[in-house]
Amino acid sequence: MMLADGTVSLAGASWLASANYLGYLVGALLCTLQPWIWRRLGSPPPPQSTVLVRIGLVATVLLTLGMVLYWPVAWPALRFAAGVASALVFVYTSGWCLAQLAQMNLPPWAPRSTPVRALALC
């Protein structure tokens, strides 16, 4: 739509997509390093994954909504930050879902034996 409206060129859209994917990569790496980061900071245990998912979802919505502002200089930073938030949501939602399946003593890789109610939790 932005291309059709002439708001952004194909090269500009490519840069925005690259910023988003780079943010996604950085977010996934931060999730991987998260236990080390918390230990290094010497702070209390991290928030529960459901809290992080909610924060990530709100951040993703707000950052995407920020694209409404006609301030093209900020768009790459907004897309980068939205990518980080999206990675956080994806990683922690997947972890929560797998933990729920494990808690129910259901093998996560056997869909034929997984009851419908377990899939509804995910």
Side-chain angles (χ1 to χ4, degrees):
M1 288 175 25
M2 293 172 80
L3 283 171
D5 291 343
T7 306
V8 69
S9 66
L10 185 57
S14 297
W15 277 108
L16 291 176
S18 296
N20 189 68
Y21 289 130
L22 180 62
Y24 200 86
L25 174 64
V26 168
L29 290 172
L30 285 173
C31 288
T32 301
L33 297 173
Q34 182 252 354
W36 178 83
I37 293 169
W38 286 106
R39 277 194 312 269
R40 187 89 166 134
L41 293 174
S43 58
Q48 290 183 337
S49 61
T50 54
V51 172
L52 292 172
V53 168
R54 287 184 184 123
I55 290 169
L57 286 171
V58 169
T60 302
V61 168
L62 293 176
L63 291 163
T64 303
L65 191 59
M67 294 289 292
V68 170
L69 303 172
Y70 190 75
W71 197 21
V73 174
W75 288 350
L78 289 170
R79 293 311 312 150
F80 176 83
V84 171
S86 296
L88 183 128
V89 169
F90 181 76
V91 169
Y92 282 102
T93 299
S94 299
W96 175 84
C97 185
L98 291 172
Q100 293 298 312
L101 290 172
Q103 197 173 42
M104 297 168 66
N105 292 323
L106 297 171
W109 302 115
R112 282 183 239 132
S113 64
T114 305
V116 174
R117 68 181 177 83
L119 292 175
L121 289 174
C122 298

Going from [atom1] on [X] to [atom2] on [Y], what distance comes out if it is rounded to the nearest 0.5 angstrom?
X	Y	atom1	atom2	result
Leu30	Trp36	CG	CH2	11.0 Å
Asn20	Trp15	CG	CH2	14.5 Å
Thr50	Tyr92	OG1	OH	11.5 Å
Thr60	Ile55	OG1	CD1	11.5 Å
Leu29	Tyr24	CG	OH	12.0 Å

Where is the tightest heavy-atom contact between [X] and [Y], given as atom of each residue plus distance?
X	Y	answer
Ala87	Cys31	O-SG, 4.4 Å
Ala19	Pro76	CB-O, 3.5 Å
Gly56	Ala85	O-CB, 3.8 Å
Trp75	Leu69	NE1-O, 3.0 Å

In one Ile/Leu/Val/Met/Phe/Trp/Tyr side-chain cluster, 4.5 Å: [X], [Y]:
X	Y	result
Tyr70	Leu65	no
Phe90	Trp96	no
Leu33	Phe80	yes
Leu10	Leu16	yes

Fill in the blank from the handout: From the list Leu63, Leu22, Thr64, side-chain contact (heavy atoms from CB on, under 4.5 Å) with Arg79 holds only for Thr64

Practice task
Start with the C-alpha gap between Leu88 and Val84, add the side-chain angles, then the distance that decides, and say whether side-chain contact (heavy atoms from CB on, under 4.5 Å) holds.
Solution key: CA-CA 6 Å; Leu88 183 128; Val84 171; 5.8 Å; no

Problem - Check against side-chain contact (heavy atoms from CB on, under 4.5 Å), Val91 and Gln34 - result: CA-CA 11 Å; Val91 169; Gln34 182 252 354; over 6 Å; no

Practice task
Would you please test Leu78 and Trp71 for side-chain contact (heavy atoms from CB on, under 4.5 Å) and show each step?
Solution key: CA-CA 10 Å; Leu78 289 170; Trp71 197 21; over 6 Å; no

